[in-house]
Number of protein chains: 4
Amino acid sequence: MVQPKEDRRIQRTRQSLSTALLKLIEERGYDSLTVNDITEQANIGRATFYLHYEDKEQLLLESLEDMFSQLGDSIAPTAKVTGEHNSITATRLVFQHFADHHRLYRVLLTEKGAVMVFTRLLKILSQVAEQDVILKDVEQPKTGIPTHLVAHYVTGAILGLIVWWLNNDRPYSPEQMAVIYGHLMDPGATKVLGIAGAQLPDLSDVLSKR
Amino acid sequence: MVQPKEDRRIQRTRQSLSTALLKLIEERGYDSLTVNDITEQANIGRATFYLHYEDKEQLLLESLEDMFSQLGDSIAPTAKVTGEHNSITATRLVFQHFADHHRLYRVLLTEKGAVMVFTRLLKILSQVAEQDVILKDVEQPKTGIPTHLVAHYVTGAILGLIVWWLNNDRPYSPEQMAVIYGHLMDPGATKVLGIAGAQLPDLSDVLSKR
Amino acid sequence: MVQPKEDRRIQRTRQSLSTALLKLIEERGYDSLTVNDITEQANIGRATFYLHYEDKEQLLLESLEDMFSQLGDSIAPTAKVTGEHNSITATRLVFQHFADHHRLYRVLLTEKGAVMVFTRLLKILSQVAEQDVILKDVEQPKTGIPTHLVAHYVTGAILGLIVWWLNNDRPYSPEQMAVIYGHLMDPGATKVLGIAGAQLPDLSDVLSKR
Amino acid sequence: MVQPKEDRRIQRTRQSLSTALLKLIEERGYDSLTVNDITEQANIGRATFYLHYEDKEQLLLESLEDMFSQLGDSIAPTAKVTGEHNSITATRLVFQHFADHHRLYRVLLTEKGAVMVFTRLLKILSQVAEQDVILKDVEQPKTGIPTHLVAHYVTGAILGLIVWWLNNDRPYSPEQMAVIYGHLMDPGATKVLGIAGAQLPDLSDVLSKR
DNA sequence: TCCTAAGCGAGACGGTACGTCTTGTCTTCCA
DNA sequence: TGGAAGACAAGACGTACCGTCTCGCTTAGGA
């Protein structure tokens, strides 16, 4: 069942490239990087790069995929819990994720970044959000608004917050952001979905702990 | 008072380039375009391009700037009206704007697009939104949440909706989208800002007219 | 019969261009000069240049034409004199000419120069030389060697000397060069042409005056 | 002892470029050629050209260098022979060389040529000639004329003949040209150098075999 | 223990786009 | 009307990067 050693060697090469890319993105943004920059940073021959990836975009996607699925995995369980604070827990985990990789995301989500990051995030997060919406929708009467639409609304709002948060050096903790988000979002989307909002901590209490 | 003819000639050249770029973006996306593609489409010498713009990114920004300011101008007046439906009017105008240029934005806001479009839109729209938020904030007690933050929240949510809307061939009219947005947003953000929401048309009434 | 003022103005423009070109050649060679360099030096609009000349080569040729014909004019009369030292006088005048414009020719006849200068000089000087050869040939029995050939031989030899002379900062006076040339050339070519050489000053006398 | 294959590949590329250049020069002259013309003719990528040469001038020089050294090698041994006809043998070899590449040189030495060809030829040939002059000078009393000067004289004369010869479709054989040159040159330069001329075939005998 | 196939570094190469430079043409305006 | 100013098309320049390729080196896994 063990992987042959050859494969481990390959994994090391791919890992080096991935690490090198993420490091360079933090330093110099994504667009201006060349394949040569990446392979040099990784101490890998340029030709070798093309044995593993078609282009730097594919490398980025595969590199992010890890992080994304990691994010998805951490949120997924919360969706099944119908307890009171599940929603706030999920959003807190989202903010936590972006905080964990803040240097990287700050670059990717602003001017030196890559188009597809926004798009991908919107798609991936909205799928997660949709699961959530559907779950609640099943329990409660529908409102006629497509769940996809609500999911994009919710996700867009979160990403808007995250961009602001990262660009302003995260003046609040992930928990605080989650509470703020809850207060902004809950009454509206919740009402539309016809369900009662979760119990949220008092807003001014939370903000004062800044 | 008339512009010398030289200047008009220059304007015509710049206009040709701008038009050519936007047309090509709709057809082939932004990233893969070359300066040569653009100048060829515009029937302009490639060297001439560099007399006017540093690179295609600058051309795109200047081209979009027109549209953005056009959008800003159409929304601005509504911000000063404190009548009931001002907010819904403003958001309707936003959706209308993206509908007017839907082919272009659909490309720019998805995978073949340009990085900075998201960023710019977020910045520009959130500035407009902020004016709105501030206006309301002045009238009512503050909540301690930075207006920048709320503005990004609002803007992100709208952009989320717009991405969904464009990717799904705009199944609702701009008016309908504005009402949906109002229902999703109003109770939450409005409550946080401590003011009463505007009177919104009934949601099911609006959706049934699809 | 006087030239209208306009024409004099034209002449001034052409003169400026010519002067500017020759000045710049001395400083920077010919090949690397641009039309812009020339018109800038001459304080003339670049477009104006093209009203008068097709390209910088034509300007150079016309500029050199003056000097060449000036050289031709000074030599011509000596060809008709059959007195003893006519030959040495003619060659002295040739060396004198190159000394007069030594900075210019040094550039043109070496690495930064223009192809056609060598060719043109060879053609023009050999035509003059041919006149000389023919004159003598008429007086004396032919040898069967084409006069063109002899003329090119003679001219090539002189140009070889001139290149050496200019490249070595003219260590001898034009007169000395003419005598040297006479001693190197006279017995050979003269014998072939079947005529007696002119009386030449003693070589060591001449060289010692260096 | 064999060259690694890489190096042979490089040599093939360089050879292709060299061959292509010389071919194109014969057809279209030198000045008007572009790097693209050359690489296209050689079936080489334009960028690859710049891996090997800085510009087309350097390529020309390296290409000519081969031929020049080939010429030098063929003449060199004759300089050491003090037998009677060594001089005529050397000059015959020079004329032979230009005959071998007459199409190329005809273009290079006339209006469509390259500046540096004259200069280089003058320099290279005069160095060879100088060896010859020095050799003879050593055996005989000096005359006070710098050997450089004599070498340039001799070389210029030969180049003059060659230009005429090539421009007139080589009406004489290299041997005939060598004899003509010998008759024109020998008495003069030889006398100056203070040595007896070699035995030359009778001029009219040689010319009649045309 | 050797040997043999795979991963890899090195780098030549064709190709494409870049941004710059120069040319020659044109148009407008000024003296 | 001659010239200055300068926009423009055309096209070559030299550079940068891409993706492909061929070549040896090394290095493990199976003989």
Side-chain angles (χ1 to χ4, degrees), chain A residues 4-14 16 32-40 42-56, chain B residues 4-14 16 32-37 39-40 42-56, chain C residues 4-10 12-13 16 32-37 39-40 42-56, chain D residues 4-14 16 32-40 42-56:
Chain A
K5 284 196 177 175
E6 279 302 334
D7 285 15
R8 271 189 257 143
R9 194 175 163 197
I10 292 179
Q11 282 318 305
R12 264 201 31 243
T13 298
R14 297 172 75 97
S16 299
S32 73
L33 296 180
T34 71
V35 172
N36 200 36
D37 292 334
I38 300 166
T39 54
E40 220 160 72
N43 267 316
I44 297 278
R46 196 164 66 88
T48 305
F49 177 94
Y50 292 102
L51 293 179
H52 298 285
Y53 304 98
E54 285 193 356
D55 47 32
K56 69 169 179 167
Chain B
K5 285 197 176 175
E6 277 301 333
D7 285 16
R8 269 189 259 144
R9 193 176 165 196
I10 292 179
Q11 283 318 307
R12 262 198 36 240
T13 297
R14 297 172 78 96
S16 299
S32 74
L33 296 180
T34 71
V35 172
N36 199 35
D37 292 335
T39 54
E40 219 160 72
N43 267 316
I44 297 277
R46 195 164 68 89
T48 304
F49 177 94
Y50 292 101
L51 291 180
H52 297 286
Y53 304 98
E54 286 193 356
D55 47 32
K56 67 170 180 168
Chain C
K5 283 194 179 177
E6 279 304 336
D7 284 16
R8 268 191 258 143
R9 194 175 163 197
I10 293 179
R12 267 204 25 246
T13 298
S16 300
S32 73
L33 297 180
T34 71
V35 172
N36 199 34
D37 292 334
T39 54
E40 219 160 72
N43 267 316
I44 297 276
R46 195 166 64 87
T48 306
F49 176 94
Y50 292 101
L51 294 179
H52 297 286
Y53 303 97
E54 285 192 356
D55 47 32
K56 69 170 180 169
Chain D
K5 285 197 176 175
E6 278 300 333
D7 285 15
R8 272 190 256 143
R9 192 176 166 199
I10 292 179
Q11 282 318 306
R12 263 200 34 240
T13 298
R14 296 172 78 97
S16 299
S32 74
L33 296 180
T34 70
V35 172
N36 199 36
D37 292 335
I38 300 166
T39 54
E40 219 159 72
N43 267 316
I44 297 276
R46 193 163 68 89
T48 304
F49 177 94
Y50 292 102
L51 290 180
H52 298 285
Y53 304 98
E54 285 193 356
D55 46 32
K56 67 172 180 167

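Bear in mind that the values here come from a model prediction, so they are computed numbers and not experimental data. Numbers restart at 1 for each chain; the letters A, B, ... are given by sequence-line order, proteins then strands.
- Comparing F/dG3, E/dT23, E/dA17 by their closest approach to the side chain of B/Thr34 singles out E/dA17.
- Among all heavy-atom pairs drawn from A/Ser16 and A/Ala42, the shortest one is O-CB, 3.7 Å.
- Straight-line distance from the CZ atom of B/Arg12 to the P atom of F/dC8: 9 Å, rounded to whole Å.
- C/Thr13 comes within 4.0 angstrom of sugar-phosphate atoms only, judged by non-hydrogen atoms across all strands, and of no base.
- A heavy-atom distance below 4.0 Å to DNA chain E is reached by these residues of residues 46-56 of chain D, ordered by number: D/Arg46, D/Ala47, D/Thr48, D/His52.
- At a threshold of 4.5 Å between non-hydrogen side-chain atoms, the residues D/Thr39 and D/Thr48 do not count as touching.
- One interatomic measurement links the two molecules: CG of D/Leu33 to P of F/dG11, which rounds to 17 Å at whole-angstrom precision.
- With rounding to the nearest 0.5 angstrom, the CZ atom of D/Arg14 is 10.5 Å from the CG atom of D/Leu51.
- Taking the nucleotide of DNA chain F with the nearest heavy atom to each of C/Gly45 and A/Ser32, the more 5' of the two is matched to C/Gly45.
- Atoms CG (B/Asn36) and P (E/dG19) sit 12 Å apart, rounded to a whole Å.
- Contact annotation: the side chain of A/Val35 never approaches that of A/Asp55 to less than 4.5 Å [non-hydrogen atoms, C-beta and beyond].
- Distance CD (C/Glu40) to C1' (E/dC21): 14 Å, rounded to an integer number of Å.
- In this structure the side chain of B/Ile10 reaches within 4.5 angstrom of the side chain of B/His52, judged on heavy atoms.
- A straight line from CZ of A/Arg9 to C1' of F/dT27 spans 6 Å, rounded to a whole angstrom.
- Across the protein-nucleic acid pair, D/Ile10 atom CD1 and F/dT22 atom P stand 16 Å apart, rounded to whole Å.
- A/Asn43 comes within contact range of the sugar-phosphate backbone alone, with a heavy-atom separation under 4.0 Å but no base atom that close.
- Remark: C1' of F/dC8 and CD of B/Gln11 are 16 Å apart, rounded to the nearest angstrom.
- When rounded to the nearest whole Å, the span between CZ of D/Arg8 and C1' of E/dA12 equals 15 Å.
- If you take OH on D/Tyr53 and CD1 on D/Ile38, they are separated by 10.5 Å, rounding to the nearest 0.5 Å.
- Judged by distance alone, with hydrogens and angles left aside, the side-chain atoms of D/Lys56 form a donor-acceptor pair with the main-chain N or O of D/Leu33 at under 3.5 Å.
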